[in-house]
Amino acid sequence: YRGLPAWRDGCRPTDAPGTEPMALIYPQYPTKIYVPRGLDGERSRTVFVAAHRNPGSEVHWHLDGQYLLSTQDFHSVELDPPAGPHLLTLVDEDGSRLEQRFEIVDQE
């Protein structure tokens, strides 16, 4: 009996679309986010939410290449990035990476 050959690059079950360990719930697509001002005149914060296939996994959050914080179990973060384009990057403890571009629109 001969064992199975090694997986070919790009053919692993984990390489198929839809098998990523993390997903960004908000924002999902390259999008523009309008952040309204509250009754006090201050701009509100935006809540970014992610989900991980493994409930206890630690996820490290980066905005525009700068480390922000890490979350475990509940992957929800309130941020107040300045107006303009941004890149949100999530990296889990196994090195899986998720990137999402978005733009904050600040209309006075």
Asks: On a heavy-atom basis, which atom in S76 and which in W61 lie closest, and how many Å separate them?
Replies: N-CZ2, 4.3 Å

Asks: Go through the structure and list residues passing side chain to side chain contact (heavy atoms under 4.5 Å, CB included) with E58, not counting sequence neighbours.
Replies: H60, S70, E93

Asks: Can you name the residues that form a ring pair (Phe, Tyr, Trp, His ring centres under 6.0 Å) with H62, not counting sequence neighbours?
Replies: Y67

Asks: Can you name the nearest heavy-atom pair linking A51 to I25, along with the distance?
Replies: CB-CD1, 3.8 Å

Asks: Got P21 and D92 here, is their nearest side-chain heavy-atom distance under 4.5 Å?
Replies: yes

Asks: Strictly by side chain to side chain donor-acceptor pair (under 3.5 Å), give each pair with a member in residues 23-33 just once, sequence neighbours left out.
Replies: none

Asks: Working to the nearest 0.5 angstrom, can you tell me the gap between R97 CZ and T89 OG1?
Replies: 5.0 Å

Asks: Show me the pairs that pass side chain to side chain donor-acceptor pair (under 3.5 Å) and involve residues 40-50, at least two apart or across chains.
Replies: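 Qualifying pairs: R43-D80.
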
Asks: Rounded to the nearest 0.5 Å, what's the gap from CE on M22 to CZ on R53? Could you check?
Replies: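 Atom-to-atom, M22:CE and R53:CZ are 11.0 Å apart.
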
Asks: According to a 4.5 Å side-chain heavy-atom criterion applied to Ile, Leu, Val, Met, Phe, Trp and Tyr, with indirect links allowed, do L90 and L69 form part of one hydrophobic cluster?
Replies: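 The answer is yes; both residues are in one hydrophobic cluster.
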
Asks: Counting only N and O atoms by type, is there a donor-acceptor contact under 3.5 Å from the side chain of N54 to the main-chain atoms of S57?
Replies: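 Between the backbone of S57 and the side chain of N54 there is no qualifying donor-acceptor contact (under 3.5 Å).
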
Asks: Decide side chain to side chain contact (heavy atoms under 4.5 Å, CB included) for T71 and V77; before the verdict, give the C-alpha distance in whole Å, the side-chain angles of both, and the deciding distance to 0.1 Å.
Replies: CA-CA 8 Å; T71 57; V77 176; 4.0 Å; yes

Asks: Can you name the residues that form a side chain to side chain contact (heavy atoms under 4.5 Å, CB included) with R101, not counting sequence neighbours?
Replies: L87

Asks: For the residue pair I104 and V35, establish whether any side-chain heavy-atom pair is separated by less than 4.5 Å.
Replies: yes

Asks: Is the closest side-chain heavy-atom distance between H75 and H52 below 4.5 Å?
Replies: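 Yes, at least one pair of side-chain atoms sits under 4.5 Å.
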
Asks: Please identify each residue that fulfils side chain to side chain donor-acceptor pair (under 3.5 Å) with Q72, with sequence neighbours left out.
Replies: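 Here no residue qualifies.
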
Asks: Applying a strict under-4.5 Å side-chain criterion to I, L, V, M, F, W and Y, I'd like to know whether F48 and V91 cluster together.
Replies: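 F48 and V91: separate clusters.
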
Asks: How far apart are the closest heavy atoms of L98 and L24, and which atoms are they?
Replies: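 Shortest heavy-atom separation between L98 and L24 comes out as CD2-N, 3.6 Å.
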
Asks: Using every non-hydrogen atom in the two residues, find where L63 and P81 come nearest and quote the distance to one decimal.
Replies: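 For L63 versus P81, the nearest heavy atoms are CD2-CB, 3.8 Å.
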
Asks: Quick one: closest heavy-atom pair of P85 and D64, and the distance?
Replies: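 So the two residues come closest at O-OD1, 4.4 Å.
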
